[in-house]
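Every chain is numbered from 1 and lettered A, B, ... according to where its sequence line falls, protein lines coming before strand lines. Below, each value reflects all heavy atoms present in this structure, side chains not excepted, and no hydrogens, waters or symmetry copies.
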Amino acid sequence: MKIISPFDKLTKQKIMIVGCTSAIARATAAQLASQRHSLYLIGRDKEETKRICTDLIIRYNNPIQHGYVDIESLDNHQACFDNAIAALNGIDGVIFSIGYMGEDINKLLWINYNCAVNFLEICATYFEQKKYGFIIAISSVAGDRGRQSNYIYGSAKGGLTIYLQGLRNRLFKSNVNVVTIKPGFVDTPMTFGLPKLFLVASPEIVGKAIAKTILKKPNVAYIPWFWRYIMLIIKLIPETIFKRLSL
Amino acid sequence: MRKLLKPISGWANYPSQNCYLIRPEKYCDLACHSSSCIPRGQGKSYGDASLNKDATVILTEKLNRFIAFDKEQGILTAEAGITLAEILNLIVPAGWFLPVTPGTQYVSIGGCVATDVHGKNHHHSGSLGNYIIEFELITANQKKIICSPTQHTEIFWATIGGMGLTGIIGTVRLKLQPINNPFMYTQHYASDNLEQTFSMLEDKTYDDNYSVAWIDCLKTGKQFGRSIIMSAHHATKEEIDRTYLYRKMAAKKQYKLPFNFPSGVLNRIMIRTFNELYYSKNAKNTPPYLSHYQHYFYPLDKIKYWNRFYGKKGFIQYQCVIPNPRAYSGIKQLLEVLTQRHCNSFLGVLKRLGKANPAPLSFAIPGYTLALDIPVHNNNILSLTSKLDEIVLANHGRIYLAKDALLTPEKFQNMYPNYPSWLEIKKTIDPKNYFSSSLSQRLKIGS
């Protein structure tokens, strides 16, 4: 007989998912909805957020709520966060999954770093008072080392990774867990049609892995796991050699 | 939106063509993207219906969300990219079933509407189009229109069976049928030859809501056309309570063919052995049993990528219908040609079809339909299919466009006499022929 320890069991949590229209967040939400958690989905695109939410309600018979945020205007963040708190009557965790990859450099830096930090600071303040909870934020393996192919996106995500390190340090004494998710190549609209992709994971696999981090509480999670070693090798290459490579 | 240039093929792996794929993930991005595009759901049509050589193919697989499910009335609304498997997972526990289902559950509902699929119950219930309450069509001029049997009636019927050439089906609302449990009350009957097969399929004592005959295509002589007739209906409360009935549960695991087999693995000896075993196993006078719906409807879904059995060159599935007075003689001629040419058809399925619906390009007409899988490594496949096409035409029959890869424009127009009325509607909603596929270009449909 398998003995189930009470620590193994993931109790029903109240989770807010920010940026729910991204493929990874949608898959994560589906996984969490099937595990009977209470969810509050936040997206920018009202129509899509509503569709994703309705779909999960029908599929998993789980009363999921949703709200909207324009992540680019920082003034909205607090109100959006408060709405989620009110709707779920307090939350246990946040999954932050907003990312942007495009031509517009300012927008790219603004969304991936400034907006993310602003929103996560609001979350941090809330959990610091509550002395309990988790923050899971999606960064990227691109933030581990700058490469000519996408160093601007990489630098914004790298900044976010460092921010999360500091946040983890700050919130440790408040019993709040901060998880940095570093997905490798994932089959999403961000990567669809890009050349030179390899080991591409489906959003469903990534969603399942993210859902697992709620229980496992790692500091940094590479998804799928082998990216930890790929990035280790990439990070170990001396800069004098690395600058000559075409990566 | 970014495009991905990639060689793709239909389920039969023949033909394979380079297409520019785009994959919208937001409903508002689902639109006519270039001067030639075709939507593609799961890519399970056998031939080139979901291909568009050197042009755009719109993948709808990510637009697979449920919109509403009325458990009281049995009405389901979903985005067209959703698969039947996802639908069944939701509706079967709630006591509902699809009104019509094809032989695999890994197809999108949009694709099912666009090909007006029929099932083993066509002779009683007709094809899927009869159960569509409405759908949203995204047209060439980027408008979204709601089509139903009462609203935009002509566009509604032109889209059903319209092979995606009238626009992109965005969402579908359909009526479900109530069931008591997931089991099918199944009974097998063996017939000794083709004549008996036909008379048994006509006979009410052997017929049921769902019935289909598996034909041993390799048998000659006295046992030419011997078959197993598989009849079933959704088990009632009383039948499920009879505990002595043998129950065949759903397969727990889906197997997967990891790679393409060498062409020619499915040779004459293999098929003959398989047929012999299959016939003798099923021809025994077995009592009726309860079979899980997944077993009865989707036996091949147990093996993911079973198409790889046929090797890299692929195969073609030849499916035709021959209308009633000539059905027996026509099908007999077709099977005779196959045996004369020593053609190894692994699969042979014979089914009675009932009343047609008003859709001008719908395949199903009253008569008998025969489906055959023919490996492409048979050298003279073109001469074989053109011979088969001639027999079908001479008997006023037609080919199923969802399976076709080799038909010619002239034959198509002869087979589908309602094509001119379809073309008229196509000209009104897509005058510049933006929605076109490799199939439509090959058969000159819509131009």
* Asked: Would you say B:T139's side chain and B:K143's backbone share a donor-acceptor pair under 3.5 angstrom?
  -> yes
* A:L194 portion near chain B, given a 4.5 angstrom heavy-atom threshold -> both
* Portion of B:I67 that has a non-hydrogen atom of chain A nearer than 4.5 angstrom -> both
* Nearest heavy-atom neighbours spanning B:I179 and B:F97 -> CG2-CB, 3.7 Å
* Contact class of B:K62 relative to chain A, heavy atoms under 4.5 angstrom -> both
* Structure fact -> The interface call for B:K3 against chain A, heavy-atom contacts under 4.5 Å, is backbone
* Which region of B:N89, side chain (C-beta onward) or backbone (N, CA, C, O), has a non-hydrogen atom less than 4.5 Å from a non-hydrogen atom of chain A, or is it both or neither? -> neither
* Is the number of heavy atoms from other residues, nucleotides or ligands under 6.0 Å of A:N89 CG greater than 12? -> no
* Structure fact -> With chain B, the option among A:I57, A:T188, A:N61 that has the most non-hydrogen atom pairs under 4.5 Å is A:T188
* At a heavy-atom separation under 4.5 Å, does A:T191 approach chain B through its side chain, its backbone, both, or neither? -> backbone
* Asked: Using non-hydrogen atoms only, which part of B:L21 is less than 4.5 Å away from chain A: side chain, backbone, both, or neither?
  -> both
* Structure fact -> The interface call for B:T77 against chain A, heavy-atom contacts under 4.5 Å, is neither
* To do: Please confirm whether the backbone N or O of A:R51 pairs with a side-chain atom of B:R65, one donor and one acceptor, at under 3.5 Å?
  => no
* In plain terms, say whether A:K14 and A:D92 are close enough for a salt bridge, that is, a side-chain N and a carboxylate O under 4.0 Å apart. => no
* Side chain from CB out, backbone as N, CA, C, O: work out which of these in A:P203 comes under 4.5 Å of a heavy atom of chain B, or both, or neither. => side chain
* Asked: Is chain A contacted by the side chain of B:L59, its backbone, both, or neither, given a heavy-atom distance below 4.5 Å?
  -> side chain
* Structure fact -> d(B:I75 CD1, B:F69 CZ) to nearest 0.5 Å is 10.5 Å
* Asked: Would you say the side chain of B:K312 lies within less than 4.5 Å of the side chain of B:N13, judging by non-hydrogen atoms?
  -> no
* Structure fact -> Of all heavy-atom pairs linking A:L88 and A:I91, the shortest is CD1-CG2, 3.6 Å
